[in-house]
There are 2 protein chains.
Amino acid sequence: MATVQVPEIVVRRLPLYLRELMKMGAEGREITSSQELGARLGISSAQIRKDLSHFGEFGKQGTGYNVDSLAGELKRILKVEKAWDVVVVGIGDLGRAVARNTGFVDRGLRIVALFDSDSAKIGNRVGDLTVETTADMVASIRTHGVRVAMLAVPAREAQAVAEKLVEAGIQAILCYTPTSLSLPVNVRVEYLDPVLRMQQMTYYL
Amino acid sequence: MATVQVPEIVVRRLPLYLRELMKMGAEGREITSSQELGARLGISSAQIRKDLSHFGEFGKQGTGYNVDSLAGELKRILKVEKAWDVVVVGIGDLGRAVARNTGFVDRGLRIVALFDSDSAKIGNRVGDLTVETTADMVASIRTHGVRVAMLAVPAREAQAVAEKLVEAGIQAILCYTPTSLSLPVNVRVEYLDPVLRMQQMTYYL
DNA sequence: GCATGTGAACGGATTCACAGCG
DNA sequence: CGCTGTGAATCCGTTCACATGC
């Protein structure tokens with residue numbers, strides 16, 4: 001195993017392995033192999049073994065991997081054994097859908113606060129949370145030490161809101177808004193623009 | 001320019017270039033350069049020039065690129081000059097948010113029908129569309145010749161529904177459900193799992 | 001002068017193939 | 001024997017650097 005520095009592209013595949021392993025666990029499977037896991041994900045078995053080898057030796061030769069223990073190792077590596085506190089900013093249709101999503105907690109993310117700048121929305125309940133005003137956002141995030149945010153505000157506000165989040169101490173932003181953000185390099189940003197993904201496919205139609 | 005076969009990774013970047021060019025156009029910019037575009041996207045200028053070179057010569061030496069005409073070329077390459085008809089299957093919180101999104105049409109995607117299997121939802125209006133029953137889905141998609149779908153059903157139904165979509169003639173699926181689908185190789189699938197993206201970031205926290 | 005388009009050089013990721021071990 | 005873990009080989013993508021032409 002290499003302790004040098006793990007290529008980002010490897011880290012990007014680990015959550016996928018984890019998701020499939022959790023699914024296998026739910027199916028009652030106890031053992032799997034790099035071959036089987038790869039087949040389910042459309043990835044080569046060598047790729048999976050090589051990826052895992054960056055972090056240690058988790059398998060038994062001749063046997064394969066224990067599903068639950070490998071899932072546990074991946075959770076540990078990805079730091080999602082416990083759930084991170086997450087804030088959602090922008091409670092429009094999409095933000096509301098995100099906030100209502102019950103699939104986050106099991107996977108290491110717990111939504112703890114919702115913010116919006118529209119006074120008409122302040123005080124609205126979504127799931128078991130109440131929408132708060134963005135005026136209080138920075139202080140609230142800082143007080144609670146939240147480090148992860150989901151951003152679902154209109155495109156023209158995205159950059160400004162993101163800067164406020166960074167000011168508040170947020171270090172990872174999942175951006176649902178179709179815009180490139182310009183932020184300090186120590187802040188990580190991932191984008192989810194469905195149209196980009198669609199346009200990747202229309203090329204091939 | 002190479003007519004051989006464009007690497008998929010290049011195709012995946014084109015929609016991003018297009019999105020930024022449209023934004024520049026909206027800002028009133030007429031000319032740009034690979035350098036400027038790259039700076040806005042966090043991509044090297046050489047990368048952008050090389051990517052574009054797979055499809056032709058769109059710039060003027062010493063000057064750069066005309067924003068609108070390069071955007072037009074990319075739309076043509078990605079086949080999004082006209083909007084594709086798209087169906088949305090699964091009208092829960094997320095599907096409803098997707099269906100209400102007004103940002104699709106300008107970018108080459110027009111939602112034309114909504115389907116759900118829950119009889120309580122059939123007939124509900126979302127935006128200016130009415131939710132239809134999945135019982136009619138295959139026939140309806142086939143009749144209208146729709147080739148693109150967005151899938152936002154619960155995980156356990158995703159595979160079965162996706163197979164019905166394929167049967168109906170769908171060739172590209174954007175899957176909002178956190179599951180790997182197993183479909184014929186001629187059907188393209190892109191996945192949008194926010195948790196995967198988040199877990200890529202928690203590794204670095 | 002300036003920015004494109006591109007062959008060549010480089011670096012990194014994937015695949016191969018096998019030693020090692022249960 | 002079967003499957004992992006891993007160096008070596010291969011493949012592929014990015015960057016370099018410059019000729020070309022506005």
Side-chain angles (χ1 to χ4, degrees), chain A residues 1-18 20-21 24 29-74 77 200 203, chain B residues 1-18 20-21 24 29-74 77 200 203:
Chain A
M1 84 143 161
T3 320
V4 273
Q5 221 230 318
V6 181
E8 188 158 331
I9 192 157
V10 171
V11 174
R12 295 179 73 88
R13 278 189 295 261
L14 299 185
L16 190 58
Y17 301 163
L18 173 55
E20 198 65 25
L21 285 165
M24 289 170 124
R29 305 292 319 284
E30 290 192 0
I31 299 291
T32 188
S33 64
S34 59
Q35 192 126 60
E36 182 187 41
L37 188 54
R40 291 176 64 136
L41 295 171
I43 290 178
S44 78
S45 61
Q47 176 100 83
I48 291 174
R49 293 199 303 278
K50 183 72 106 181
D51 285 352
L52 296 176
S53 75
H54 286 93
F55 303 95
E57 307 193 357
F58 307 123
K60 279 203 181 66
Q61 286 167 329
T63 309
Y65 303 89
N66 178 292
V67 169
D68 289 342
S69 81
L70 182 53
E73 293 287 356
L74 289 173
I77 292 164
Q200 290 162 16
Y203 173 82
Chain B
M1 84 141 163
T3 319
V4 273
Q5 221 229 319
V6 181
E8 188 157 331
I9 192 158
V10 172
V11 174
R12 295 179 74 88
R13 279 189 295 261
L14 300 184
L16 190 59
Y17 301 162
L18 173 57
E20 198 65 27
L21 286 164
M24 290 170 120
R29 305 292 318 283
E30 288 192 2
I31 299 291
T32 188
S33 63
S34 59
Q35 193 126 58
E36 182 187 41
L37 187 56
R40 292 176 64 135
L41 294 172
I43 290 178
S44 80
S45 61
Q47 176 100 82
I48 292 174
R49 293 199 303 279
K50 181 72 103 182
D51 285 351
L52 296 177
S53 76
H54 286 93
F55 303 95
E57 308 193 355
F58 306 123
K60 279 203 181 65
Q61 285 166 329
T63 308
Y65 302 90
N66 179 292
V67 169
D68 289 343
S69 82
L70 182 54
E73 294 287 355
L74 289 174
I77 292 164
Q200 289 163 16
Y203 174 81

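Numbered from 1 within each chain, the chains take letters A, B, ... in sequence-line order.
- In this structure the side chain of A:L37 reaches within 4.5 angstrom of the side chain of A:M24, judged on heavy atoms.
- Side chain of B:A46, nearest nucleotide from D:dC16, C:dG5, C:dT15: D:dC16.
- For A:K60 and D:dG2, a side-chain-to-base donor-acceptor distance below 3.5 Å is absent, hydrogens and geometry of angles not being considered.
- For the atom pair B:R40 CZ and B:T32 OG1, the distance stands at 7.5 Å (nearest 0.5 Å).
- Mapping A:R49 and B:D51 onto DNA chain C by nearest heavy atom places B:D51 closer to the 5' end of the strand.
- Here the CD atom belonging to B:Q47 is positioned 7.5 Å from the CD1 atom belonging to B:I9, to the nearest 0.5 angstrom.
- In this structure, the CD1 atom of A:I48 is 14 Å from the C1' atom of C:dT15, given to the nearest Å.
- One can place CD of B:Q35 at 13 Å from P of D:dT15, the figure rounded to the nearest angstrom.
- Counting to the nearest Å, the C1' atom of C:dG11 and the CD atom of A:E8 are 17 Å from each other.
- A:S45 comes within 4.0 angstrom of no nucleic acid atom, judged by non-hydrogen atoms across all strands.
- In this entry the distance linking OH of A:Y65 with C1' of C:dG22 reads 14 Å, nearest Å.
- Comparing D:dT14, C:dA13, D:dC3 against the side chain of A:P7 picks out C:dA13 as the nearest.
- At the phosphate of D:dT15, OP1 or OP2 sits under 4.0 Å from a side-chain N or O atom of B:S44.
- To the nearest angstrom, P of D:dG5 lies 13 Å from NE2 of A:H54.
- Rounded to whole Å, the distance from CZ on B:F55 to P on C:dG5 is 13 Å.
- Across the protein-nucleic acid pair, B:I31 atom CD1 and D:dC22 atom P stand 16 Å apart, rounded to whole Å.
- Checked by distance alone, B:Q61 brings a side-chain donor or acceptor within 3.5 Å of a matching partner on the base of D:dT20.
- Annotation: the span from B:L16 atom CG to A:Q200 atom CD amounts to 9.5 Å, rounded to 0.5 Å.
- The distance between atom CD of B:E73 and atom C1' of C:dT4, rounded to the nearest whole Å, is 15 Å.
- The side chain of A:R13 lies closest to C:dT14 when the candidates are C:dG5, C:dT14, D:dG5.
- The side chain of B:I9 has D:dT14 as its nearest neighbour among C:dT15, D:dT14, D:dT15.
- If you take OG on A:S33 and NZ on A:K60, they are separated by 14.5 Å, rounding to the nearest 0.5 Å.
- For A:K50, taking side-chain heavy atoms from C-beta onward, the closest of the listed nucleotides C:dT6, D:dT4, C:dT14 is C:dT14.
- For B:S34 and C:dT4, the shortest distance from a side-chain N or O to OP1 or OP2 is below 4.0 Å.
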